[in-house]
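Starting from 1, each residue takes its place in the sequence as its number. Whatever order the structure lists them in is the order used to number ligands and atoms, beginning at 1.
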Amino acid sequence: MATNLRGYVGRFAPSPTGPLHAGSLVAALASYLDARAHHGSWLVRIEDIDEGRSVRGAAEGILALLDALGMHADGEIVWQSRRQQLYQQAAEDIAAHTYPCGCNRREIADSRLGVAPDGAAIYPGTCRYGLAEGRAMRSLRLRVPDPGHDVIGFTDRFAGEVIQRLGPDSGDFVLKRADGYWAYQLAVVVDDALQGVTDVVRGADLLDSTPRQIFLQRVLGVPTPRYLHVPVVRNALGEKLSKQTGALAVAPGDESAAVAALLEAARFLELPLEQPASLEAFWRAAIPAWSQLLASRGARLA
Ligand code: GLU
């Protein structure tokens, strides 16, 4: 697969399953600050590959809100729903590593291998050596290496060393889903590579998906970006905020609401900021504050 190689390229990749909320703003802000602190570019990609989960108007709302917050993308917005052919091509390129799977959810759950940290059922490998008589293909899976060769490790700029064994921690994973949609893992890896993304900054809920993505990058022969996973915002009950939490109340042109939302997200990221008088003042203070935070935490983050 051909990729672009440039200086720092970061991105924010929201799924339009609801409005941008305080939790997703933290991921957006961290990726934006990291790109600006590195004098890099910052891309926005709408991850609307799962059209069933996409909410009408949510993507436009997210884009308008980013604009109102002063976070402007460098370059065209990319929409995954318009890139099916690229995912198809990538899957064809690695056909030797994939196989059709005829199992349904219940059959996989019945194998009692449990679920991966992200909630996906661990696949027992039933169809690895061919579909049984009379079974039709439901999904397309990527074969992970055999035990002993399936360890993927990387250094996250925030979380440090992360090590996963793909066999027990995920098993052969889905690239094309039974409902016909390309899986997030394939789309995200293909797009990060095609867009020349050098640095992925996102929420720690995706930390456990990263080894699968790194493995897929290796199979596709594309570079592995650097990763920085920021802590996930939780509510008073310790639950991750969901899209149902509600939109940030920032109307276009309401600068004080924009500053307040950004300041809250920045404080969550432990940026020591005074109350800024304007949006412009917020950004003027926040970008160097992020660089200082990285420097104070050591070389891994810089
Ligand atoms: N689309 C994913 C989400 O909104 C983020 C994917 C990523 O940053 O890799 O949770």
Notebook entry, point to check: Does any N/O atom on P14 come nearer than 3.5 Å to any N/O atom on ligand 1?
Noted result: no
Item checked: Cluster companions of V232 among Ile, Leu, Val, Met, Phe, Trp, Tyr (side-chain spacing under 4.5 Å) -> none
Item checked: Between R11 and Q195: side-chain donor-acceptor atoms closer than 3.5 Å -> no
Notebook entry, point to check: For ligand 1, which atoms have a heavy atom of R11 less than 4.0 angstrom away?
Noted result: 7 (C), 8 (O), 9 (O)
Notebook entry, point to check: Are the side chains of V9 and D74 in touch, meaning some heavy atoms are under 4.5 Å apart?
Noted result: no
Note to self: Among A27, G18, S24, A13, which one puts a heavy atom closest to atom 2 (C) of ligand 1?
What the structure shows: A13
Item checked: Heavy-atom proximity to atom 6 (C) of ligand 1, best of R202, H229, E47 -> E47
Item checked: Contacting atoms of ligand 1, where contact means under 4.0 angstrom from a heavy atom of Y184 -> 6 (C), 7 (C), 9 (O)
Next item on the list: Enumerate the residue pairs fulfilling salt bridge (charged side-chain N to carboxylate O under 4.0 Å, His left out) with a member in residues 262-287, sequence neighbours excluded, ordered by first and then second residue.
Entry: E270-R297, E280-R284
Check: Would you say ligand 1 has an N or O under 3.5 Å from any N or O of D205?
Finding: no
Checklist line | D199 and R226 ion-paired at < 4.0 Å | finding: yes
Check: Looking only at heavy atoms, is any part of L206 under 4.0 Å from ligand 1, and if so is it the side chain, the backbone, or both, or is it neither?
Finding: side chain
Check: In terms of atom number and element, which parts of ligand 1 are under 4.0 angstrom from non-hydrogen atoms of V188?
Finding: 9 (O)
Margin query: Under a plain distance cut-off of 3.5 Å, with no hydrogens placed, do Q185 and S209 share a side-chain donor-acceptor pair?
Written below: yes
